[in-house]
Protein chains: 2
Amino acid sequence: MALTREQLTDAAVGVLSEFGLADLSMRRLARELDVQVGALYWHVKSKQELLVDVAAKLLGSVPEPALPAPEMAPMAIGALLQQLRSALITIPDSAEVIQLAQTMRPEALAPLGWLLSFLEHAGIPAEQAFYARHLLLNHLLGSIAAHQEARALVGEPEAQEHAQESGQEAFEYGVRVILLGLSLEHPKNAV
Amino acid sequence: MALTREQLTDAAVGVLSEFGLADLSMRRLARELDVQVGALYWHVKSKQELLVDVAAKLLGSVPEPALPAPEMAPMAIGALLQQLRSALITIPDSAEVIQLAQTMRPEALAPLGWLLSFLEHAGIPAEQAFYARHLLLNHLLGSIAAHQEARALVGEPEAQEHAQESGQEAFEYGVRVILLGLSLEHPKNAV
DNA sequence: ACCTGAACACCGTTCAAGT
DNA sequence: ACCTGAACACCGTTCAAGT
């Protein structure tokens, strides 16, 4: 029966997970799905649009957290970031894919909307909450990318383990520093 | 006379500045320099290697600041970050190019070395100074990329002006938050 | 509605052979 | 030492035509 957009997205997630973004080409997906390349363009308008779907699917496993009490917002933010990291860290080049999706169609990434609402809920004014989310997101995606490059660059198994731990450590350090900074920048509030 | 590696790098910087990374192909550079594509590969080993040279040249205009007194380190860090931003903000896709160079050959980007030494000079232990630099760098490059996408996405001239100001504002906000956070995370020291 | 076949206009990299 | 010519193995996107 006919190919669906969902199947196409799943195939794309599969190739990304196994081989990375460099191998994720429309032609390769067509081969994998036993159709001609042109067929894919009946289901999606462009490769970029497909990548937005992929990004949404990658974040689809992150459960929506309950809106916390304002004084609990920082902890909730930390927990959400950790969830996002867990969902992305094993997928090669996931940071790049999320980045692209977030600039192309921010509404498609619901968990990043929750992040913004938590920041506002903590008492940060709207515009600055926007900046603060950017800060947290750049850190999250940057530290995921750095961690994956570190794994790719070294071959020694023992160095791999160290990269594993220090990636998590660097991530947590950054989250701590940013949340501390936010609490000083907005002293009247909880964050 | 013969093509030089320097000329090749300059041509690459030129295409990047005028047309962006998507148009910066080896074949285009060959056309621009009136040689066959293969000729370029006598001067550089790969396109990636060329991009490292491009990144180094982009940061080449940033002057080396004097090592500040420890209690002046935060200001010096802020000033250096502003210099880096100024050097990159007008060059399309510069964040991506710097990112690539920094993971491929970090020693090639001297100003990022100065940043690390300033952080250590402020009394942050070596490993955490590494994390802290990552944090600052992700923010710098992330806010440059966001600013350039904002410019690209909107056509209205008045929205352009707003993007101009708010890009700078978002950048300064982030630097402030991170430096504040660092000062709390490392209380015995100046930062 | 959904797909094929084929084309268009590109890529990065390699390498024998020329000067 | 430096470059040409030509090939290899790819890309994303479009679109008339088929079923």
Side-chain angles (χ1 to χ4, degrees), chain A residues 1-57 92-93 96-97 99-101 103-105 108 149 152-153, chain B residues 1-55 92-93 96-97 99-101 103-105 108 149 152-153:
Chain A
M1 50 318 65
L3 182 65
T4 65
R5 183 165 173 146
E6 176 109 41
Q7 280 171 51
L8 176 50
T9 305
D10 286 343
V13 170
V15 173
L16 181 70
S17 305
E18 268 203 80
F19 306 99
L21 196 56
D23 283 358
L24 180 47
S25 71
M26 296 304 271
R27 299 179 109 99
R28 163 126 194 200
L29 290 173
R31 232 180 300 140
E32 215 113 312
L33 293 164
D34 268 307
V35 293
Q36 299 297 111
V37 225
L40 306 185
Y41 286 87
W42 195 91
H43 295 276
V44 293
K45 179 177 160 302
S46 67
K47 185 180 179 182
Q48 296 216 354
E49 195 183 277
L50 174 58
L51 287 176
V52 171
D53 279 25
V54 168
K57 197 144 227 167
D93 306 314
E96 225 167 310
V97 176
Q99 185 93 271
L100 185 132
T103 69
M104 285 235 336
R105 221 152 57 74
E149 284 147 11
L153 253 57
Chain B
M1 49 321 60
L3 180 65
T4 65
R5 182 167 173 144
E6 176 110 43
Q7 280 170 53
L8 176 50
T9 306
D10 286 343
V13 170
V15 172
L16 181 69
S17 306
E18 269 201 80
F19 306 98
L21 197 56
D23 284 359
L24 181 47
S25 72
M26 296 304 270
R27 298 178 111 98
R28 162 124 193 202
L29 289 172
R31 234 179 299 140
E32 214 114 312
L33 294 163
D34 268 305
V35 292
Q36 300 296 112
V37 225
L40 306 184
Y41 287 85
W42 195 92
H43 295 276
V44 293
K45 178 175 161 305
S46 67
K47 185 182 178 180
Q48 297 215 356
E49 195 183 278
L50 174 58
L51 288 177
V52 171
D53 278 25
V54 168
D93 306 313
E96 226 167 308
V97 176
Q99 186 94 272
L100 184 133
T103 70
M104 286 236 336
R105 218 150 59 71
E149 284 147 10
L153 254 57

For this session: Compare all side-chain heavy atoms of Leu3(B) with those of Leu40(B) and state whether any distance is below 4.5 angstrom.
Result: yes

Outer limits of DNA chain C sitting under 4.0 Å from a non-hydrogen atom of chain B, read 5' to 3', are dC11(C) to dC15(C)

CG of Leu33(B) to CG of Asp10(B), rounded to nearest 0.5 Å, is 9.5 Å

By salt bridge (Lys or Arg N to Asp or Glu O under 4.0 Å), Asp93(B) pairs with (sequence neighbours left out) none

Given side chains that start at C-beta, do those of Leu51(B) and Leu21(B) come closer than 4.5 Å, heavy atoms only? yes

Writing each nucleotide of DNA chain C 5' to 3' as (, ), [, ], | or . by Watson-Crick or G-U pairing under 3.5 Å yields ||.|||||...|||||.||

Quote, to the nearest angstrom, the C1' distance that separates dC3(D) from dA16(C).
12 Å

Between Ala101(A) and Ala55(A) the two heavy atoms that sit nearest each other are CB-CB, 3.4 Å

For nucleotides dC10(C) and dA9(D), find the distance between their C1' atoms and express it as a whole number of Å.
-> 14 Å

So, with a heavy-atom separation below 4.0 Å from DNA chain D, the residues of residues 18-35 of chain B are Arg27(B), Val35(B)

Correct closest heavy-atom pair for Pro92(A) and Gly20(A) would be CB-CA, 4.0 Å

Between Asp23(A) and Phe19(A), the two heavy atoms sitting closest are OD2-CB, 3.5 Å

- Note, Lys57(A) side chain near Glu6(A) side chain (heavy atom, < 4.5 Å): yes

CG (Leu100(B)) and NZ (Lys47(B)) are apart, to the nearest 0.5 Å, by 10.0 Å

Taking every heavy atom of Ala12(B) against every heavy atom of Val54(B), the minimum-distance pair comes out as CB-CG2, 3.6 Å

Residues of residues 36-45 of chain A with a heavy atom under 4.0 Å from any atom of DNA chain C, listed by number, are Gln36(A), Gly38(A), Ala39(A), Trp42(A), His43(A)

Exercise. Do Leu29(A) and Leu50(A) touch side chain to side chain, with heavy atoms closer than 4.5 Å?
Worked result: yes

Ordered by number, residues from residues 5-14 of chain A within less than 4.0 Å of DNA chain C (heavy atoms) are none

For Ala39(B) and His43(B) the tightest heavy-atom approach is O-CD2, 3.5 Å

Between the CZ atom in Arg27(B) and the CD atom in Gln36(B), the distance rounded to the nearest 0.5 Å is 10.0 Å

So Glu49(A) and Arg5(A), do their side chains get closer than 4.5 Å, heavy atoms only? yes

CZ (Arg105(A)) and OG1 (Thr103(A)) are apart, to the nearest 0.5 Å, by 12.0 Å

